[in-house]
J.: 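Let me begin by handing over the structure; questions about it come next.
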Amino acid sequence: MDLVSVRTVRTPSHRDELALVPGEQPLAGGTWLFSEEQPGLTGLVDLTTLGWPDVERSDGLLTIAATCTIATLLRARPDDDWQAWPLVDACANALLASFKVWNAATVGGNVAVGLPAGAMTALLTTLDATAVVWMPSGDTRRVPVSDLVVGVRRLDLGPGELIRAFEVPVAALRATTGHRRVSLSPHGRSGALVTARWTADAFVLVVTAATPRPLVVRFPGVPDAEELDAALGAHDDWYDDPHGSPAWRRSVSTRFAHELRTEAAGGAA
């Protein structure tokens with residue numbers, strides 16, 4: 001879609017040139033930004049000109065730039081012991097996007113839109129990733145991705161703040177993961193995406209698409225059925241839109257959670 005209200009496009013090369021003014025929005029892949037009308041948008045600030053490395057590794061972290069495209073992340077070569085890496089492909093495919101979209105859409109953009117069906121949000125939340133947020137003051141703060149999306153199209157970002165990168169603990173990448181997904185039509189938006197990560201002493205379950213923001217439940221080991229039911233039963237905020245009713249989303253998410261619990265319990269055994 002043509003953004004007819006845009007009057008300026010800035011291409012910063014340094015952080016001190018980033019300062020957003022009223023009416024400006026950061027631009028990375030633009031696959032959502034150009035998909036619908038953007039009232040009040042008068043300027044774009046192209047983050048890709050900053051030249052952030054797509055993927056960086058250190059001893060304990062995998063750092064993914066906000067501007068890293070989904071296709072680039074899929075092409076990254078994991079270490080041999082990163083058992084969780086297949087979840088990257090699973091979540092990318094949960095977007096039901098063509099390879100053309102994968103080559104433009106960015107990891108940061110998918111999270112920043114704040115949609116319930118943001119599959120990169122599901123991926124990063126399941127891997128206990130932390131968002132690195134640049135503040136207009138020049139300071140940096142870090143927010144768990146599980147807390148970054150606070151509602152539908154609402155993020156814990158103040159005026160002028162933007163996502164610089166995501167830090168994924170290598171320890172989480174070495175864990176085992178599983179996923180389940182359902183939609184009302186073969187090529188429809190996800191109605192529920194349930195992901196899990198487990199080790200011998202931890203089980204993390206994440207529900208997205210079925211809830212306005214990521215639902216995360218943690219256990220010190222694989223829970224029994226009653227414990228899992230109690231944790232999910234305490235949650236009463238299920239999303240309602242044309243892609244699924246709250247009752248249906250609760251039902252399928254609970255079923256998937258139990259399937260993943262059983263899968264984890266079998267692996268532990």
Side-chain angles (χ1 to χ4, degrees), residues 62 73-74 78 81-96 110-111 115-129 144-147 149 166 168-184 186 188-239 243-269:
L62 174 72
L73 183 60
L74 285 167
D81 61 349
W82 289 5
Q83 298 183 75
W85 198 253
L87 191 63
V88 176
D89 182 78
C91 287
N93 279 287
L95 293 170
L96 294 177
N110 187 257
V111 174
L115 294 176
M120 293 297 104
T121 303
L123 170 69
L124 294 167
T125 298
T126 307
L127 296 177
D128 273 350
V145 175
S146 57
D147 297 330
V149 178
F166 302 100
V168 181
V170 168
L173 290 166
R174 291 174 177 152
T176 306
T177 59
H179 73 282
R180 299 289 190 277
R181 177 193 171 276
V182 69
S183 63
L184 289 177
R189 179 180 293 179
S190 296
L193 176 60
V194 182
T195 52
R197 187 188 87 246
W198 61 86
T199 60
D201 56 1
F203 181 85
V204 180
L205 183 82
V206 178
V207 180
T208 55
T211 50
R213 56 167 296 177
L215 168 61
V216 184
V217 291
R218 299 176 184 272
F219 300 91
V222 180
D224 60 33
E226 291 74 19
E227 290 174 319
L228 186 56
D229 277 335
L232 293 176
H235 182 75
D236 60 1
D237 189 14
W238 298 90
Y239 195 44
H243 299 282
S245 69
W248 174 74
R249 282 176 151 133
R250 177 198 289 270
S251 176
V252 296
S253 296
T254 301
R255 173 186 169 185
F256 290 160
H258 280 282
E259 289 179 359
L260 290 168
R261 186 201 71 83
T262 301
E263 186 176 323

J.: For the residue pair F203 and F219, categorise the inter-ring angle as parallel (less than 30°), tilted (30 to 60°) or perpendicular (more than 60°).
T.: tilted
J.: Do you know the tightest heavy-atom contact between L232 and W238?
T.: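 That closest heavy-atom pairing would be O-CZ2, 4.4 Å.
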J.: Please report the interatomic distance CG(L184) to OG(S190), rounded to the nearest 0.5 Å.
T.: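 It is 10.5 Å, given to the nearest 0.5 Å.
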J.: Out of curiosity, L73 CG to D89 CG, how far, rounded to the nearest 0.5 Å?
T.: 10.5 Å
J.: At their closest point, which heavy atom of L62 faces which heavy atom of V170, and how far apart are they?
T.: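 Smallest interatomic distance, heavy atoms only, reads N-CG2, 4.2 Å.
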J.: Is there a donor-acceptor pair closer than 3.5 Å between any side-chain N or O of H235 and the backbone N or O of D237?
T.: yes
J.: Provide the closest heavy-atom pair for L95 versus A117 in the form atom of the first, atom of the second, distance.
T.: CD2-O, 4.2 Å
J.: Is any side-chain heavy atom of V216 closer than 4.5 Å to one of L205?
T.: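 Side-chain contact under 4.5 Å: no.
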J.: Short question: side chain of T211, backbone of R213 - any donor-acceptor pair under 3.5 Å?
T.: yes
J.: Does the pair V206 and V204 meet the rule for a side chain to side chain contact (heavy atoms under 4.5 Å, CB included), with working shown?
T.: CA-CA 7 Å; V206 178; V204 180; 4.2 Å; yes
J.: Do the side chain of D81 and the main chain of R174 share a donor and acceptor less than 3.5 angstrom apart?
T.: no
J.: If we ignore hydrogens and angles and just use 3.5 Å, is the side chain of Q83 paired with the main-chain N or O of A175 as donor and acceptor?
T.: no
J.: In plain terms, say whether R261 and D229 are close enough for a salt bridge, that is, a side-chain N and a carboxylate O under 4.0 Å apart.
T.: no
J.: Can you give me the closest heavy-atom contact between P116 and Y239, atom names plus distance?
T.: CG-CE2, 3.6 Å
J.: With a cut-off of 3.5 Å and sequence neighbours excluded, list every side-chain donor-acceptor pair involving residues 220-228.
T.:
residue, atom, partner, partner atom, Å
D224, OD1, E226, N, 3.2
D224, OD1, E227, N, 2.7
E227, OE1, D224, N, 2.9

J.: Show, in sequence, the C-alpha distance, side-chain angles and deciding distance for L123 and T195, and conclude whether the side chain to side chain contact (heavy atoms under 4.5 Å, CB included) test is met.
T.: CA-CA 8 Å; L123 170 69; T195 52; over 6 Å; no
J.: Suppose we screen for ring-ring contact (aromatic ring centres under 6.0 Å, His included). Which residues come up paired with W85, at least two apart in sequence or across chains?
T.: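 With sequence neighbours excluded, W85 shows a ring-ring contact (aromatic ring centres under 6.0 Å, His included) to W82, given in chain and number order.
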J.: What are the two closest heavy atoms between A172 and A84, and how far apart are they?
T.: O-CB, 3.7 Å
J.: Is there a side-chain contact between F256 and L193, using heavy atoms and a 4.5 Å cut-off?
T.: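 No, every pair of side-chain atoms sits at 4.5 Å or beyond.
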J.: Can you tell me how far OG of S183 sits from NE2 of H243, rounded to the nearest 0.5 angstrom?
T.: 9.5 Å
J.: Quickly, which of D128, T126, T177, T176 forms a side chain to side chain donor-acceptor pair (under 3.5 Å) with R197? Name it, please.
T.: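 For R197, the side chain to side chain donor-acceptor pair (under 3.5 Å) check succeeds only for D128.
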J.: Within the distance-only criterion (no hydrogens, no angle test), does the side chain of S253 pair as donor or acceptor with the backbone N or O of R249 below 3.5 angstrom?
T.: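 Confirmed, S253 side chain pairs with R249 backbone.
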J.: Would you give the length of the straight line joining atom NE2 of H179 to atom CD of E259, rounded to the nearest 0.5 angstrom?
T.: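 It is 11.5 Å, given to the nearest 0.5 Å.
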J.: Grab the two heavy atoms, one from V111 and one from V149, that are nearest each other, plus how far apart they are.
T.: O-CG2, 4.0 Å
J.: Kindly indicate, with the supporting measurements, whether the criterion side chain to side chain contact (heavy atoms under 4.5 Å, CB included) is fulfilled by H258 and E263.
T.: CA-CA 8 Å; H258 280 282; E263 186 176 323; over 6 Å; no
J.: If we ignore hydrogens and angles and just use 3.5 Å, is the side chain of R250 paired with the main-chain N or O of D236 as donor and acceptor?
T.: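 No, the answer is negative, given that no donor and acceptor are paired below the 3.5 Å cut-off.
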J.: I'd like to know if the side chain of S245 reaches the main chain of W248, judged simply by a donor and an acceptor atom lying under 3.5 Å from each other, with no hydrogens or angles considered.
T.: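 Judged by distance alone, yes, a pair lies under 3.5 Å.
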